[in-house]
Amino acid sequence: MSESSGRGRTRPSAKIDTSVAHEARVYDYWLGGRDNYPADRALGDVIAGHIPAIRSMARANRAFLGRAVRYAIGEAGITQFLDIGTGIPTAGNTHEVAQQRDPTARVVYVDNDPIVLAHARALMRSTPEGQTAFIHADLHDPESILADPALASTLDLDRPVALMLVAVLMYFHDEDNPHGILEQLLDALPSGSCLVITHPTADFDPKAMARVVISSEQAGIPFRPRSRTETESLFTGTDMVEPGVVPVLGWRPDFAEAPPASGDVDIESAWYWAGVGHKR
């Protein structure tokens, strides 16, 4: 249910192992992409058996990313983005949405999947006025992200940055210390930066999500859904943007490309919590 994530604590390998499922490729499969393999499709189908609406949920999560980027530029005046857990390029990548609004926008993408690395050129097709870069790194090791020369050469860390963690933190068990990872990343960003998170939850159907956890873990992919309260705790040190942590379909529909008519959407039909907070 993700854009992508990190496994292990060493520099990620550039070797593609198609014999095991990878979260970025499973997500690509749900979105109708072609950069996936039998192991990815098999796990994607198993999870779809537990959650038949998973493909529409993945699309809802992807659409949120666009709304969050438009909010950051249009309302918060932030034109720099650190997108971690980027995933395989598809329509509406962060730099595409951002540079449609502000051609000077700058984006650094981070992912640990070698297939995403192979597509890095697509993620770096910037406008002449803006700039993009790609870092092949693992979120379990935030220092490797912060120390990468591409970060400092692309983003001005004296100016606010939107830290994008869209459907990635569920691949971190509590013992992986996701709060500490977030604290380290936010400490490197100036006041006024924003933190953007979506996170799958068992709040809407605990039994179905429990089966997803078992299937994912059996495939070698850590998976930890979190409650609304647990997701809110990830925003420690920030001031929440209205309406706070809400179902992903209910977060700021006014920033959609084509806002839905009132009453047309069941906001609890996509099982993600979503929110944006500004660093104090």
Side-chain angles (χ1 to χ4, degrees), residues 1-8 12-65 83-94 109-120 122-123 134 136-140 164-173 176 178 197-202 204-205 208-226 248 269-274:
M1 299 176 71
S2 86
E3 294 294 318
S4 183
S5 79
R7 281 178 282 180
S13 170
K15 181 180 178 181
I16 298 172
D17 184 353
T18 63
S19 67
V20 297
H22 190 286
E23 47 270 27
R25 301 194 300 263
V26 173
Y27 190 77
D28 176 73
Y29 173 54
W30 288 331
L31 290 175
R34 291 182 285 185
D35 289 293
N36 49 76
Y37 297 90
D40 309 306
R41 295 190 285 273
L43 178 58
D45 288 341
V46 167
I47 293 176
H50 302 320
I51 306 178
I54 189 63
R55 290 174 176 83
S56 62
M57 292 184 191
R59 291 192 296 270
N61 183 67
R62 185 71 186 182
F64 164 83
L65 182 146
D83 184 343
I84 302 178
T86 302
I88 295 166
T90 185
N93 298 300
T94 297
Y109 292 105
V110 181
D111 204 287
N112 77 324
D113 184 0
I115 284 190
V116 182
L117 174 63
H119 287 281
L123 295 171
F134 179 81
H136 189 217
D138 192 322
L139 180 55
H140 282 93
M164 313 284 291
L165 292 165
V166 176
V168 60
L169 292 171
M170 68 276 208
Y171 297 117
F172 290 72
H173 291 140
D176 294 323
I197 293 174
T198 66
H199 204 299
T201 183
F204 302 119
D205 192 329
M209 193 60 74
R211 292 192 289 269
V212 170
V213 171
I214 292 171
S215 297
S216 182
E217 296 276 354
Q218 287 177 340
I221 298 176
F223 193 82
R224 170 68 160 86
R226 289 183 169 88
V248 67
S269 63
W271 302 344
Y272 292 86
W273 294 117

S.K.: At what distance, to the nearest 0.5 angstrom, does CE of M170 lie from CD1 of I197?
M.R.: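 So the CE of M170 and the CD1 of I197 are separated by 12.0 Å.
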S.K.: Search all heavy atoms of P222 against all heavy atoms of H173 and return the closest pair with its distance.
M.R.: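 The pair with the smallest heavy-atom distance is CB-CE1, 3.7 Å.
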S.K.: Salt bridge (Lys or Arg N to Asp or Glu O under 4.0 Å) for R34 and D40? Distances and angles first, verdict last.
M.R.: CA-CA 11 Å; R34 291 182 285 185; D40 309 306; over 6 Å; no
S.K.: Taking atom CG of D45 and atom NE2 of H50, what is their separation to the nearest 0.5 Å?
M.R.: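 Here the interatomic distance stands at 11.0 Å.
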S.K.: Side-chain contact test, heavy atoms from C-beta onward, threshold under 4.5 Å: evaluate it for N61 versus L65 and give yes or no.
M.R.: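 With C-beta onward as the side chain, the pair stays apart.
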S.K.: With Y109, which residues qualify under ring-ring contact (aromatic ring centres under 6.0 Å, His included), at least two apart?
M.R.: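 So Y109 forms a ring-ring contact (aromatic ring centres under 6.0 Å, His included) with H95.
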S.K.: Ignoring hydrogens, what is the shortest heavy-atom contact between A208 and I51? Give both atom names and the distance.
M.R.: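 That closest heavy-atom pairing would be CB-CG1, 4.4 Å.
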S.K.: With rounding to the nearest 0.5 angstrom, report the CG to CG distance, D113 to D35.
M.R.: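 Taking CG in D113 and CG in D35, the distance rounds to 9.5 Å.
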S.K.: The criterion is ring-ring contact (aromatic ring centres under 6.0 Å, His included); which residues satisfy it with Y29, sequence neighbours excluded?
M.R.: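 Once residues adjacent in sequence are excluded, Y29 has no partner under the ring-ring contact (aromatic ring centres under 6.0 Å, His included) criterion.
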S.K.: In Å, rounded to the nearest 0.5 Å, how long is the span from CG of L43 to CZ of R41?
M.R.: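 Result: 12.5 Å between the selected atoms.
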S.K.: Looking at V20 and R25, what are the two nearest heavy atoms and their distance?
M.R.: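 Closest heavy-atom pair between V20 and R25: O-NH2, 3.0 Å.
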S.K.: Specify the closest pair of heavy atoms between T18 and A39, including all atoms of both residues, with the distance to one decimal.
M.R.: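 T18 and A39 have their closest heavy atoms at O-CB, 3.9 Å.
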S.K.: List the residues meeting side chain to side chain contact (heavy atoms under 4.5 Å, CB included) with A120, not counting sequence neighbours, and say none if there are none.
M.R.: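 Once residues adjacent in sequence are excluded, the partners of A120 under the side chain to side chain contact (heavy atoms under 4.5 Å, CB included) criterion are M124, F134.
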S.K.: Kindly say whether R226 contributes a backbone atom to a donor-acceptor pair with the side chain of T201 at under 3.5 angstrom?
M.R.: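 Yes.
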S.K.: Between T86 and D111, what is the shortest heavy-atom contact and its length?
M.R.: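 That would be N-OD2, 3.1 Å.
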S.K.: In the structure I gave you, are the side-chain heavy atoms of W271 and P225 within less than 4.5 Å of one another anywhere?
M.R.: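 Not in contact.
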S.K.: Any donor and acceptor pair, going by atom type alone, linking the side chain of D205 with main-chain N or O of A202 inside 3.5 Å?
M.R.: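 Not confirmed, D205 side chain does not pair with A202 backbone.
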S.K.: Does D176 use its side chain to pair, donor to acceptor, with the backbone of P178 at less than 3.5 Å?
M.R.: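 Absent.
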S.K.: Please report the interatomic distance CG(N112) to CD1(I84), rounded to the nearest 0.5 Å.
M.R.: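 That separation rounds to 11.5 Å.
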S.K.: Rounded to the nearest 0.5 Å, how far apart are CE of M57 and CZ of R59?
M.R.: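 Here the rounded value is 11.0 Å.
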S.K.: When you compare the side chain of Y171 with that of L139, does any pair of heavy atoms fall below 4.5 Å?
M.R.: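 A side-chain contact under 4.5 Å is absent here.
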S.K.: Taking side chain as C-beta onward, heavy atoms only, is N93 less than 4.5 Å from R62?
M.R.: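 Yes. Closest side-chain heavy atoms under 4.5 Å.
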S.K.: So, Y37 versus H22, ring centres under 6.0 angstrom or not?
M.R.: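 No, the ring of Y37 stays outside the 6.0 Å limit from the ring of H22, centre to centre.
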S.K.: In terms of the angle between their ring planes, are W273 and F204 parallel, tilted or perpendicular, with boundaries placed at 30° and 60°?
M.R.: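 The rings of W273 and F204 sit tilted, inter-plane angle from 30° to 60°.
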S.K.: Measure across A58 and Y272 and return the closest heavy-atom pair with its distance rounded to 0.1 Å.
M.R.: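 Shortest heavy-atom contact: CA-OH, 4.4 Å.
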